[in-house]
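What follows is a single structure, written as structure tokens, with notes after it.
Every number for a ligand or one of its atoms is a count from 1 in the order of the listing. As a basis for the values below, the full set of heavy atoms in this structure was taken, side chains included, without hydrogen atoms, waters or symmetry mates. Model, not experiment: these values are computed from the prediction.
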Amino acid sequence: MSSETPNHPQVHDVLIIGAGVAGCGVAQAFAKQGRRILVVERSLKEPDRIVGELLQPGGMDALARLGLSECVQDIGATPVEGYHLYWKGEEEATFWFCPPSDSAPSGSRSCGADEAETPSGRSFHHGKFVGKLRRRIAREENITLVEATALEILREARTGAVIGAKCSTGRDGDTINYLAHLTILADGSGSNFRSQFTACRPQAQSRFWGLELLDADLPFHNYAYGVIGSGPPMLMYQISPRETRILIDIPNTVYAEIGGSRGVPAYIRDRVAASVPDSVKPSLRDAVDRGRLRSMPNAWVPSTQNRTPGLVVLGDAANMRHPLTGGGMTVALKDAILLSRLLDPAEIPSLEDSGAVLRRMSTFHWRRKMHAASLNILAQALYLLFVTEGNPRLQIMQTGFVRYIQAGKENFAEPVAIMGGIVENPLRLFYQFVRIAVYSVQIHLRQAGLLGFPRALAQSFLVFVRAVGIILPSILAELKA
Ligand SMILES: Cc1cc2nc3c(=O)[nH]c(=O)nc-3n(C[C@H](O)[C@H](O)[C@H](O)COP(=O)(O)OP(=O)(O)OC[C@H]3O[C@@H](n4cnc5c(N)ncnc54)[C@H](O)[C@@H]3O)c2cc1C
């Protein structure tokens, strides 16, 4: 084993483990403050994954605040102005981040005075985006990016404080100890070290199965698509001029019933293909035949407050939500900005002062709720709402949700702004959730007529109980320290 410089090991201000979206974002945020950063990444090859391909408008804004906007340029990214929802193969609903204004010229958006202010997301190849982030941060004078795998988190024997990481450089089994005043663990959803610092374990009820559709004939440009109500929930968005990602949610119970991974292609052909728009069916069948099916668990990990001196856990290593609403990268980038602000050198000149850093961790834990809790709760709640599995109460709410969105921008503007990471306020999410529950019940009672009214009233009560059951566990998880 060797150390960086055996007699005088260099101690960095910050050591970041993992150069994904969270690691690159936080490296850039700290570098802008003049801190000296070392980032270790186990593979600097362009990632080839089915995750992190749609960046919400709130994430785009965070990227701009970090000075990283160029990373979504020249990667074949597609603007995402809103969502188009297919429901039960019969009905559709469109909702925009920036709804068309009645007074604006036809088709134009009312939100920003000019196009640059109009909120929109981007969808792209995850690997191309991360590749650009890495090249961009490596250009910063005070960031060093090295290819190395963290093997062990180093701790001071007496205090237990984290002082860096033992890493393998992959050359002849060489290892090196990288030391830092603050170590940021940003090693992603499969973090090898998370369990040393938090009792929360990832829980996943389903996996997303991903395919790349070639030259799919999408009905509209610049939208992400959701397919719900008839079979598994699905997402589609363009990731390059010719490729469209489709993600199909297969619950673990269904996966077992269809005989595991060997049953997935047939399941998609027989069960899923029927629900996608007709124009997309040929490219879906082609993609299944080409056979490059990949999957990822849709895990949930509630965040916990960091209490280990010398360490911060960030990104998916710290907190995950169902990826249905595409919020993970937005949360990671906003966390990076907030963390660097709370540890601003003007207030904490040296990160060696681990007591001062730890005190800031409590503020970080609670203040990040504004942007993270809204996206976390929304993702979990929408997922439960979209997988009704024949549950009549959930079906009443799903109908209510679709009708609510269809009723126009007065209704959909705020929910979509929360989903886009534009509105950061869990209370507004709660308010919208209650409105949708009430709306669902009103529709149900109206449809029941006079004779069916007493039964519908009893069902409505159960709808409310179910609604509370959907949202309460996520809220309680967010309230834990
Ligand atoms: C199916 C699916 C679809 C998703 N779609 C979206 C979406 O559309 N939009 C969105 O915003 N979010 C989406 N997400 C979530 C999003 O991908 C994550 O929130 C985001 O990638 C988290 O970034 P991260 O940097 O924390 O982790 P990662 O991107 O996983 O980065 C972790 C990095 O750490 C490195 N690493 C790991 N271990 C070590 C080690 N021991 N030493 C050194 N390096 C190491 C890895 O190589 C990797 O580069 C999706 C998630 C899933 C599962």
Side-chain angles (χ1 to χ4, degrees), residues 15-27 38-60 62-63 80 121-127 129-131 133-134 145-153 165-170 178 183-194 202 204 206-211 224 226 234-239 245-250 294-301 313-336 372 375-376 379 419-421:
L15 166 67
I16 299 171
I17 299 172
V21 179
C24 291
V26 77
L38 176 68
V39 185
V40 296
E41 166 55 49
R42 68 181 165 197
S43 169
L44 288 173
K45 270 201 273 172
E46 188 175 286
D48 179 15
R49 306 175 68 193
I50 62 166
V51 307
E53 295 170 316
L54 195 166
L55 185 61
Q56 299 288 353
M60 288 287 292
L63 208 60
V80 178
R122 291 288 182 283
S123 51
F124 39 65
H125 268 287
H126 177 80
F129 175 54
V130 170
L133 284 173
R134 289 173 180 171
L145 173 61
V146 296
E147 192 168 63
T149 302
L151 302 174
E152 183 188 333
I153 303 292
K166 175 178 167 182
C167 297
S168 145
T169 53
Y178 289 122
T183 298
I184 298 183
L185 189 58
D187 57 345
S189 54
S191 173
N192 283 331
F193 305 109
R194 175 199 284 126
S206 69
R207 298 178 79 89
F208 256 147
W209 287 79
L211 284 164
M234 279 177 264
L235 284 178
M236 289 187 292
Y237 37 78
Q238 234 176 306
I239 53 171
R245 164 73 62 220
I246 184 164
L247 290 174
I248 302 160
D249 181 272
I250 304 188
R294 290 180 290 167
S295 79
M296 280 293 289
N298 294 328
W300 177 68
V301 177
V313 189
L314 214 66
D316 274 12
N319 184 203
M320 280 193 276
R321 73 293 309 150
H322 195 290
L324 185 77
T325 50
M329 295 190 293
T330 297
V331 171
L333 293 170
K334 290 187 179 194
D335 277 351
L375 289 170
N376 293 344
M419 185 153 135

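Evaluation of the ring-ring contact (aromatic ring centres under 6.0 Å, His included) rule for H126 yields no partner, not counting sequence neighbours. The ring-ring contact (aromatic ring centres under 6.0 Å, His included) check on Y237 picks up nothing, with sequence neighbours excluded. Listed by chain and residue number, P202, A204, M320 satisfy the side-chain contact (heavy atoms from CB on, under 4.5 Å) test with A299 (two or more places apart in sequence, or in another chain).
Contact check on D316 versus R194 returns no salt bridge, with no Lys/Arg side-chain nitrogen under 4.0 Å from an Asp/Glu carboxylate oxygen. Remark: R42 does not engage E147 in a salt bridge, criterion side-chain N to carboxylate O under 4.0 Å.
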List, pair by pair, the atoms of ligand 1 and of the protein that are both N or O and lie under 3.5 Å apart, giving the separation rounded to 0.1 Å.
{"from": "ligand 1", "atom 1": "5 (N)", "to": "G52", "atom 2": "N", "distance (Å)": "3.2"}
{"from": "ligand 1", "atom 1": "8 (O)", "to": "E53", "atom 2": "N", "distance (Å)": "3.4"}
{"from": "ligand 1", "atom 1": "8 (O)", "to": "L54", "atom 2": "N", "distance (Å)": "3.1"}
{"from": "ligand 1", "atom 1": "9 (N)", "to": "L54", "atom 2": "O", "distance (Å)": "2.7"}
{"from": "ligand 1", "atom 1": "11 (O)", "to": "G326", "atom 2": "O", "distance (Å)": "3.3"}
{"from": "ligand 1", "atom 1": "11 (O)", "to": "G328", "atom 2": "N", "distance (Å)": "3.3"}
{"from": "ligand 1", "atom 1": "11 (O)", "to": "M329", "atom 2": "N", "distance (Å)": "2.8"}
{"from": "ligand 1", "atom 1": "12 (N)", "to": "G328", "atom 2": "N", "distance (Å)": "3.4"}
{"from": "ligand 1", "atom 1": "17 (O)", "to": "G52", "atom 2": "N", "distance (Å)": "3.3"}
{"from": "ligand 1", "atom 1": "19 (O)", "to": "D316", "atom 2": "OD1", "distance (Å)": "2.7"}
{"from": "ligand 1", "atom 1": "19 (O)", "to": "D316", "atom 2": "OD2", "distance (Å)": "3.4"}
{"from": "ligand 1", "atom 1": "25 (O)", "to": "V21", "atom 2": "N", "distance (Å)": "3.1"}
{"from": "ligand 1", "atom 1": "25 (O)", "to": "A22", "atom 2": "N", "distance (Å)": "2.9"}
{"from": "ligand 1", "atom 1": "26 (O)", "to": "D316", "atom 2": "N", "distance (Å)": "2.8"}
{"from": "ligand 1", "atom 1": "29 (O)", "to": "R49", "atom 2": "NH1", "distance (Å)": "3.4"}
{"from": "ligand 1", "atom 1": "30 (O)", "to": "R49", "atom 2": "NH1", "distance (Å)": "3.0"}
{"from": "ligand 1", "atom 1": "38 (N)", "to": "R42", "atom 2": "NH1", "distance (Å)": "3.4"}
{"from": "ligand 1", "atom 1": "41 (N)", "to": "A150", "atom 2": "O", "distance (Å)": "3.2"}
{"from": "ligand 1", "atom 1": "42 (N)", "to": "A150", "atom 2": "N", "distance (Å)": "2.9"}
{"from": "ligand 1", "atom 1": "44 (N)", "to": "R42", "atom 2": "N", "distance (Å)": "3.2"}
{"from": "ligand 1", "atom 1": "47 (O)", "to": "E41", "atom 2": "OE2", "distance (Å)": "2.6"}
{"from": "ligand 1", "atom 1": "47 (O)", "to": "R42", "atom 2": "NE", "distance (Å)": "3.1"}
{"from": "ligand 1", "atom 1": "49 (O)", "to": "E41", "atom 2": "OE1", "distance (Å)": "2.7"}
{"from": "ligand 1", "atom 1": "49 (O)", "to": "E41", "atom 2": "OE2", "distance (Å)": "3.2"}
{"from": "ligand 1", "atom 1": "49 (O)", "to": "R134", "atom 2": "NH2", "distance (Å)": "3.1"}

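A donor-acceptor distance shorter than 3.5 angstrom exists from the side chain of D187 to the backbone of N192, with no hydrogens or angles considered.
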